[in-house]
Asker: 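Can you read through this structure? Questions will come right after.
Protein chains get the first letters and strands the later ones, always in sequence-line order, with residue 1 at the start of each. Predicted model only: the values in this text are computed from it and were never measured.
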Protein chains: 2
Amino acid sequence: MHSQKKLSKQLRRHGYRLTQQRRAILQALAQSHEYLTSADILDRAKALGFDLGLTTVYRTMDALADLGLVKRIHLEDGCHRYALASQGHRHYVVCPDCSRTVEFEGCDLGFLFQQVSQSTGFAIQDHWLELFGRCPQCQGVG
Amino acid sequence: MHSQKKLSKQLRRHGYRLTQQRRAILQALAQSHEYLTSADILDRAKALGFDLGLTTVYRTMDALADLGLVKRIHLEDGCHRYALASQGHRHYVVCPDCSRTVEFEGCDLGFLFQQVSQSTGFAIQDHWLELFGRCPQCQGVG
DNA sequence: TGTTTGTTGAAAACAATTTTCAACTATCAA
DNA sequence: TTGATAGTTGAAAATTGTTTTCAACAAACA
Ligand SMILES: [Mn+2]
Ligand SMILES: [Mn+2]
Ligand SMILES: [Zn+2]
Ligand SMILES: [Zn+2]
């Protein structure tokens, strides 16, 4: 888990200014272990006593995603959620009922990429792997 | 490749009426081997001499996707493209520059699903695996 | 403490998709 | 063949997530 201080330094290192709004967003993200929509992040940052707008949340999430400091997940309806990125390469299981999201690792697709690259001629640059399934709570098991 | 007749039967079998508009859409899809947006499908169906609206394309693609007769791919910006579903389980490589899409198979994630299911408690129902990379044409190799 | 230049946010614009609802038509029973 | 029935259509309006605009603002740095 990145500390807020480290994240701030990363922003500065890449030429971004450290504004009140960005502090607010980092603080809101740091306090939540769930994946949040931009609107969620706005709400939480405001609840923390900061004043900022939704536009700024979008812009900041773009910046943080570009730097790899947050992970963005893609939902069925096309909208996004974000959480601070943890170490290493991870993927996600998303509950279609409640959007609860859990990370997993240990997925090595390197061989697949090479194979696809060879058979299609496409120069593989990126990938999405997301699993969907009902979480324990929504199964009534939790 | 499903023939248009088979697709029509599938629709009827599931209680859908076989309208001119749906015929138009099936015909447009059958003629293209690319993944098309809803607007693309509308254009092609019209070019075939039919008259229909975009709303109907959306509704029809929903129905066809529910029946598994078309595959829907998810693009970075949240919009979708469709093509008639081919046999078996396939995934896609999408060119971020021109959206050209190629299928590939031979990716077995069953083991991964089981592992994730066990470690997270989520009941895996579905997954997205999409690779992104520049196509031969966009690489200037083509 | 000024100057520079990145940043902000309200409001408007966008784009894909969905909803509304009255007119229409495929289907089927008679 | 012909109604009756219930699914289907589409223009227009509404929604929704997100981006753009642009003038006011505020970090950062000398
Ligand atoms: Mn991976
Ligand atoms: Mn999608
Ligand atoms: Zn759930
Ligand atoms: Zn391309």
Side-chain angles (χ1 to χ4, degrees), chain A residues 4-5 7-28 35-43 45-46 48-67 69-70 72-82 94 99, chain B residues 4-5 7-28 35-43 45-46 48-67 69-70 72-82 94 99:
Chain A
Q4 215 175 145
K5 211 158 233 172
L7 293 167
S8 304
K9 273 188 186 163
Q10 285 287 331
L11 280 176
R12 290 262 53 223
R13 183 164 305 138
H14 287 269
Y16 291 95
R17 291 185 183 174
L18 199 47
T19 63
Q20 285 310 307
Q21 291 87 340
R22 286 173 180 162
R23 279 181 224 278
I25 289 168
L26 290 179
Q27 195 170 318
Y35 276 77
L36 305 173
T37 62
S38 292
D40 290 337
I41 296 168
L42 178 69
D43 290 345
K46 280 186 171 171
L48 251 30
F50 293 90
D51 192 21
L52 73 173
L54 186 55
T55 310
T56 296
V57 177
Y58 277 108
R59 283 192 282 231
T60 302
M61 297 324 290
D62 268 355
L64 293 173
D66 280 350
L67 298 183
L69 302 178
V70 302
R72 166 192 279 142
I73 63 171
H74 306 264
L75 300 177
E76 181 59 49
D77 57 9
C79 73
H80 296 130
R81 285 172 176 257
Y82 308 84
V94 183
S99 290
Chain B
Q4 217 173 221
K5 212 158 236 172
L7 294 168
S8 305
K9 273 189 185 161
Q10 286 288 329
L11 278 176
R12 291 262 50 224
R13 182 164 307 137
H14 287 269
Y16 292 95
R17 291 187 183 172
L18 200 47
T19 63
Q20 287 309 307
Q21 291 86 342
R22 286 174 181 162
R23 279 181 224 278
I25 289 166
L26 289 179
Q27 196 170 317
Y35 277 77
L36 305 174
T37 62
S38 292
D40 290 338
I41 296 168
L42 178 68
D43 290 345
K46 281 188 170 168
L48 252 28
F50 293 90
D51 192 20
L52 73 172
L54 185 55
T55 309
T56 297
V57 178
Y58 277 109
R59 284 192 281 231
T60 301
M61 298 322 290
D62 268 355
L64 294 172
D66 280 351
L67 299 183
L69 302 177
V70 302
R72 167 192 277 142
I73 62 172
H74 306 266
L75 300 177
E76 181 62 48
D77 56 10
C79 73
H80 297 130
R81 285 172 177 256
Y82 307 85
V94 184
S99 290

Asker: Given a 3.5 Å cut-off on both pairing distances, which stems involving DNA chain D, each at least three consecutive Watson-Crick or G-U pairs, are present, if any?
Answerer: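 Expected stems, ordered by start: C:1-30 with D:1-30.
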
Asker: Could you tell me which non-hydrogen atom of B:R22 sits nearest to which non-hydrogen atom of B:R17, and how far apart they are?
Answerer: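 That would be NH1-O, 2.8 Å.
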
Asker: Among A:T19, A:L67, A:T60, which residue meets the side chain to side chain contact (heavy atoms under 4.5 Å, CB included) test with A:L11?
Answerer: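 Only one of A:T19, A:L67, A:T60 forms a side chain to side chain contact (heavy atoms under 4.5 Å, CB included) with A:L11, namely A:L67.
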
Asker: At their closest point, which heavy atom of A:A24 faces which heavy atom of A:L48, and how far apart are they?
Answerer: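 Nearest pair, atom of A:A24 first, then A:L48: O-CD2, 4.4 Å.
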
Asker: For B:R12, answer base if it contacts any base atom (sugar-phosphate contacts may also be present), sugar-phosphate if it contacts only those atoms, and nothing otherwise; contact means non-hydrogen atoms under 4.0 Å.
Answerer: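 Since only primed, P, OP1 and OP2 atoms lie under 4.0 Å of B:R12, the category is sugar-phosphate.
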
Asker: Could you tell me the separation between the CG atom of A:L54 and the P atom of D:dT19, rounded to a whole number of Å?
Answerer: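 For the pair A:L54 CG and D:dT19 P, the rounded distance is 10 Å.
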
Asker: Could you tell me whether the side chain of B:H74 reaches within less than 4.5 Å of the side chain of A:E76, counting heavy atoms only?
Answerer: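 Yes - at least one pair of side-chain heavy atoms lies under 4.5 Å apart.
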
Asker: For A:D51 and for B:Q21, find the nucleotide of DNA chain C with the closest heavy atom, then tell me which residue's nucleotide is more 5'.
Answerer: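 With A:D51 and B:Q21 compared, the 5'-side residue is A:D51.
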
Asker: Output yes when a side-chain donor or acceptor of A:D62 lies under 3.5 Å from a complementary backbone atom of A:R59, and no otherwise.
Answerer: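 Checking the backbone N and O of A:R59 against the side chain of A:D62, no donor-acceptor pair under 3.5 Å is found.
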
Asker: Which atom names give the shortest non-hydrogen contact between A:Q10 and A:L69, and what distance separates them?
Answerer: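 That closest heavy-atom pairing would be CB-CD1, 3.7 Å.
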
Asker: Could you tell me whether A:R23 contacts a base, only the sugar-phosphate backbone, or nothing, with contacts defined as non-hydrogen atoms closer than 4.0 Å?
Answerer: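 The residue A:R23 makes no contact with any strand.
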
Asker: Look only at the side chain of A:D66 and the backbone of A:A63, and say whether a donor-acceptor pair between them is shorter than 3.5 Å.
Answerer: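 Absent.
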
Asker: Would you say A:T37 and A:R81 make side-chain contact, with heavy atoms under 4.5 Å?
Answerer: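 A:T37 reaches A:R81 side chain to side chain.
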
Asker: Reading DNA chain C 5' to 3', which nucleotide is the first, and which the last, to come under 4.0 Å of any heavy atom in chain A?
Answerer: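 The protein-touched segment is C:dT5 to C:dA11.
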
Asker: Taking only heavy atoms on the protein side, list every residue of residues 55-65 of chain B lying under 4.0 Å from any atom of DNA chain D, sorted numerically.
Answerer: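 Here the set is B:T55, B:T56, B:R59.
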
Asker: Between D:dT9 atom C1' and B:Q20 atom CD, what is the distance in whole Å?
Answerer: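 Interatomic distance, CD of B:Q20 to C1' of D:dT9: 13 Å.
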
Asker: Just how far, in rounded Å, is P of D:dG17 from CD1 of A:I41?
Answerer: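 Rounding to the nearest Å, CD1 of A:I41 and P of D:dG17 are 14 Å apart.
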
Asker: Hey, does B:L64 have a side-chain heavy atom less than 4.5 Å from the side chain of B:M61?
Answerer: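 Result yes, sub-4.5 Å side-chain heavy-atom pair found.
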
